[in-house]
Amino acid sequence: MIEFVRNVRLWFVPAEVRRDGETPDYRFSLANERTFLAWLRTALALIGGGFAVDQFLPDLRWGWRVGLALALLAAGVLCSLRAVNHWVRCERAMRRGEDLPVSRFPALLSLVVAVVAVAMVVVVLVGWEG
């Protein structure tokens, strides 16, 4: 938990990351940044999907619509927070010459998206009013 709090501080002062270890090959830092941007695109897609479910499925029962929309929105928020945290952790690991950090988040995100997808399949098969 203390490490997470330190990382949150580094989100807003990325120049402090440079004080750690040695400068890695710039290609690795750029690859880390591209991964960060890919996670942000995923977060934006999830947030957009949450809004789309809420706005464009008015005939869907309120509980289904809100539940699916909130699940997608929450996944988008978590994904965006995870993106910046992972960027800092990877950058620090590369500078220190350590192994890159591992995370269970991709598996968790995949499960959330799969559950929402199954729920949407049920909605489509049962019907809007179901």
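What's counted below: heavy atoms across the whole structure, side chains too, no hydrogens, waters or symmetry copies.
- The stretch residues 66-81 participates, sequence neighbours left out, in no side-chain hydrogen bond (donor to acceptor under 3.5 Å, both in side chains) pair at all.
- Put simply, Val115 and Val123 are part of two different groups of oily side chains (I, L, V, M, F, W, Y) that touch within less than 4.5 Å, one to the next.
- The two residues Val53 and Ala69 come nearest to each other via the heavy atoms CG1-N, 4.0 Å.
- Minimum heavy-atom separation, Val112 to Ala71: CG1-O, 4.3 Å.
- Results of the side chain to side chain donor-acceptor pair (under 3.5 Å) test with Asn32 over Arg89, Glu91, His86 single out Glu91 as the only residue that passes.
- The stretch residues 25-47 participates, sequence neighbours left out, in these salt bridge (Lys or Arg N to Asp or Glu O under 4.0 Å) pairs: Asp25-Arg27.
- Each of Val116 and Ile47 belongs to its own hydrophobic cluster when Ile, Leu, Val, Met, Phe, Trp and Tyr are linked at side-chain heavy-atom distances under 4.5 angstrom.
- Both Leu60 and Leu72 belong to a single network of hydrophobic side chains, linked directly or stepwise wherever heavy atoms of I, L, V, M, F, W or Y lie under 4.5 Å apart.
- Within the structure, every pair that satisfies the salt bridge (Lys or Arg N to Asp or Glu O under 4.0 Å) test and touches residues 63-76, not counting sequence neighbours, is listed here: Asp54-Arg65.
- The hydrophobic clustering, which links ILVMFWY residues whose side-chain heavy atoms are closer than 4.5 Å, places Leu111 and Leu81 apart.
- Every pair passing side-chain hydrogen bond (donor to acceptor under 3.5 Å, both in side chains) that includes a residue from residues 13-22 is listed here, sequence neighbours excluded: Arg9-Glu16, Asp20-Arg92, Asp20-Arg96.
- Connection of Val122 to Val113 is established within a shared hydrophobic cluster, with ILVMFWY side chains joined at heavy-atom distances below 4.5 Å, either directly or through further cluster members.
- Listed by first and then second residue, the ring pair (Phe, Tyr, Trp, His ring centres under 6.0 Å) pairs that reach into residues 13-32 come to none, sequence neighbours excluded.
- Scored by the side-chain contact (heavy atoms from CB on, under 4.5 Å) test, Ala119 finds Trp64, Leu68 as partners (sequence neighbours excluded).
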